Q: 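Got a structure for you, written out below as structure tokens; questions coming shortly.
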There are 2 protein chains.
Amino acid sequence: MLENTDATVLSRLRDFLATAQLAEGGRLPPERDLAESLDVGRSALRKALATLQAEGVVWRHVGKGTFTGERPIDTVADINAMVQRTNPLEVMGARIAFEPEVARCAALNATPSQIAELRSCMLKAQQAPTWRLYEQWDNRLHRLIGESSQNSLLLGLLDTLNAVRRAVTWGRLRDTPVRPPPDHHSFAEHERIVEAIANRDGAAAADAMRRHLRSVEGHMRDMR
Amino acid sequence: MLENTDATVLSRLRDFLATAQLAEGGRLPPERDLAESLDVGRSALRKALATLQAEGVVWRHVGKGTFTGERPIDTVADINAMVQRTNPLEVMGARIAFEPEVARCAALNATPSQIAELRSCMLKAQQAPTWRLYEQWDNRLHRLIGESSQNSLLLGLLDTLNAVRRAVTWGRLRDTPVRPPPDHHSFAEHERIVEAIANRDGAAAADAMRRHLRSVEGHMRDMR
DNA sequence: GTCCGAACCAATTCAGGATTGGTTTGCTTA
DNA sequence: TAAGCAAACCAATCCTGAATTGGTTCGGAC
């Protein structure tokens, strides 16, 4: 019987990889087959594969197989894929992490006309006669903050985030004849955000946005 | 025999929609079933449905069905569009705004095994024999921080950001035989980030990541 | 000529089984 | 005692074929 020490298995596996001449990203045989053809137990083979994976020579995934090279990263922002993996709580978490920093950039870069538009948008949200219209102006306000950052990449990421948010919270639209109460918590919060941006105070803008989103998150939990 | 004129079929279909009380985005019965239950031929029904589709009341897709409301938005964010509108400076700006917050989440949520992997990844970057391999491990490190946030949406946004970054800075890969010097500024910075995450110190992780990216930004300017 | 029924087409969904990496268990062996 | 091995099981993924569904065509009936 051969000594199937860690080292011998590993070297035999390296030999196989060199001989097989797999294309970059090519697929190795399944562990069960490979173990048999290398005349090695599966657990020993897996130990060797783990080493190769740590070295970045191969990568593995349940149900897919083992492949040479680096694990590829998705080059397409497949929103459907994100929607299926995520949930409303994660969406709020991402918003709380991301949007305050966008607000900070907006405070530093917004043009005067954009600040005026922010104020007008805020007022329209306060005066909205239905929840649906309120949400429409609320969306517009948040995107306007993204535009004010003057960074098209940040804006693109924000749009992606919002697309996922819409898909995840789909069907929860409130179309009641009721209008948001005049003391709705968001109104004062929106005001703080917009004023911080107008004052060019990045830290205050980020802080105000974070408080606003946390408040929204709290109300989300209450509604369940 | 009923007169199944265009108008009568259309009004009967509208009646059905009003009665059915479908949720926004809800699905109508298949054309075959609906035609039978409305006592109408399929071709007549399709004509009426075409009218409703033109009005934006419903939308249809082969194999999926007929749904109320507007056709949902594109599920794939166009990375090419972002690439064309942005530039390397904006990319750095977006990274500086975004990645520190991801690091903060990672500090709060990383699993012990992820922290171990972060450390190993950092060491591999330090020992990389070429710049190309260094960047490979550097990329892996930054994505691992995204994974450690345990927020698949943040990870998705990070991947999108990286896809744009790769596309924008394409062709600047350094593949010289030279290796990163042992006192490369990033090494200490990486260490501070990873240690802050290991210590569960979100603020320190965000701060260390921000300093790191600003330092990278500074070197980017110098190279021009 | 218009509408109906039937058949067919192509895109999509769905369900079941097969495949695959990951994990546990118990036996064997050195 | 410690390690390797085989077997079984798990969960994610892939694969395949059938069923579903909107889109289209054709012949016949009124």
Side-chain angles (χ1 to χ4, degrees), chain A residues 1-13 16-17 22 25-54 57-69 71-72 74 78 80-86, chain B residues 1-13 16-17 22 25-54 57-69 71-72 74-76 111 113-114 117 147 152:
Chain A
M1 177 71 192
L2 292 168
E3 311 178 43
N4 282 340
T5 70
D6 293 0
T8 60
V9 174
L10 190 53
S11 77
R12 229 186 299 180
L13 179 52
F16 170 84
L17 281 178
L22 291 159
R27 182 169 158 190
L28 277 65
E31 291 182 355
R32 291 156 176 87
D33 298 1
L34 192 53
E36 189 180 5
S37 80
L38 293 187
D39 197 22
V40 172
R42 200 182 152 208
S43 51
L45 172 65
R46 279 182 57 72
K47 207 185 290 184
L49 279 174
T51 307
L52 258 55
Q53 186 173 34
V57 179
V58 303
W59 64 276
R60 303 183 276 179
H61 194 302
V62 191
K64 290 184 176 174
T66 305
F67 305 82
T68 66
R71 168 187 266 98
D74 280 348
D78 187 350
N80 264 343
M82 295 192 209
V83 169
Q84 285 176 353
R85 288 197 202 94
T86 195
Chain B
M1 173 76 194
L2 293 167
E3 308 177 45
N4 283 339
T5 68
D6 292 0
T8 61
V9 175
L10 190 53
S11 78
R12 230 185 301 178
L13 181 50
F16 171 84
L17 281 178
L22 290 159
R27 184 170 154 190
L28 277 66
E31 290 182 353
R32 291 157 177 87
D33 298 1
L34 192 52
E36 188 180 4
S37 79
L38 293 187
D39 198 22
V40 172
R42 200 179 153 211
S43 50
L45 172 64
R46 282 182 55 73
K47 205 185 288 186
L49 279 173
T51 307
L52 258 53
Q53 187 172 33
V57 179
V58 302
W59 65 276
R60 302 184 276 180
H61 193 300
V62 190
K64 289 184 176 177
T66 305
F67 304 82
T68 66
R71 181 197 263 24
D74 270 354
T75 59
V76 177
T111 67
S113 77
Q114 282 173 328
E117 205 174 342
E147 292 177 18
S152 60

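Note on naming: letters A, B, ... go to the chains in the order of the sequence lines (proteins, then strands), and numbering restarts at 1 for each one. If you're wondering where the values come from, they're calculated on a predicted model, not measured in any experiment.
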Q: Using side-chain hydrogen bond (donor to acceptor under 3.5 Å, both in side chains) as the criterion, list what pairs up with A/S11, not counting sequence neighbours.
A: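 Result, side-chain hydrogen bond (donor to acceptor under 3.5 Å, both in side chains) vs A/S11: none returned.
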
Q: So A/R60 and A/L49, side-chain contact (heavy atoms from CB on, under 4.5 Å) or not? Walk me through it.
A: CA-CA 9 Å; A/R60 303 183 276 179; A/L49 279 174; 3.5 Å; yes

Q: Applying side-chain contact (heavy atoms from CB on, under 4.5 Å) between A/L38 and each of A/V9, A/L13, A/D33, report the one that passes.
A: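 Passing option: A/L13.
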
Q: Measure across A/A44 and A/V40 and return the closest heavy-atom pair with its distance rounded to 0.1 Å.
A: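 Shortest heavy-atom contact: CB-CG1, 3.6 Å.
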
Q: Got a sec, which residues hit side-chain hydrogen bond (donor to acceptor under 3.5 Å, both in side chains) with A/R27, two or more places apart in sequence or on another chain?
A: none

Q: Distance check needed: C/dT12 P versus B/F67 CZ, whole Å only.
A: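 Whole-Å distance recorded here is 12 Å.
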
Q: Please report, rounded to the nearest Å, how far the P atom of D/dT13 is from the CH2 atom of A/W59.
A: 11 Å

Q: Expressed as a whole number of angstroms, how long is the span from B/E36:CD to C/dC3:P?
A: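 That distance rounds to 20 Å.
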
Q: Given side chains that start at C-beta, do those of B/R12 and B/D39 come closer than 4.5 Å, heavy atoms only?
A: yes

Q: Sugar-phosphate means primed atoms, P, OP1 and OP2; the rest is base. With that split, encode nucleotides 14-30 of chain D 5' to 3' as B, S or - using protein heavy atoms under 4.0 Å.
A: S------BBBB------

Q: OP1, OP2 of D/dG4 versus side-chain N and O of A/K47: anything below 4.0 Å?
A: yes

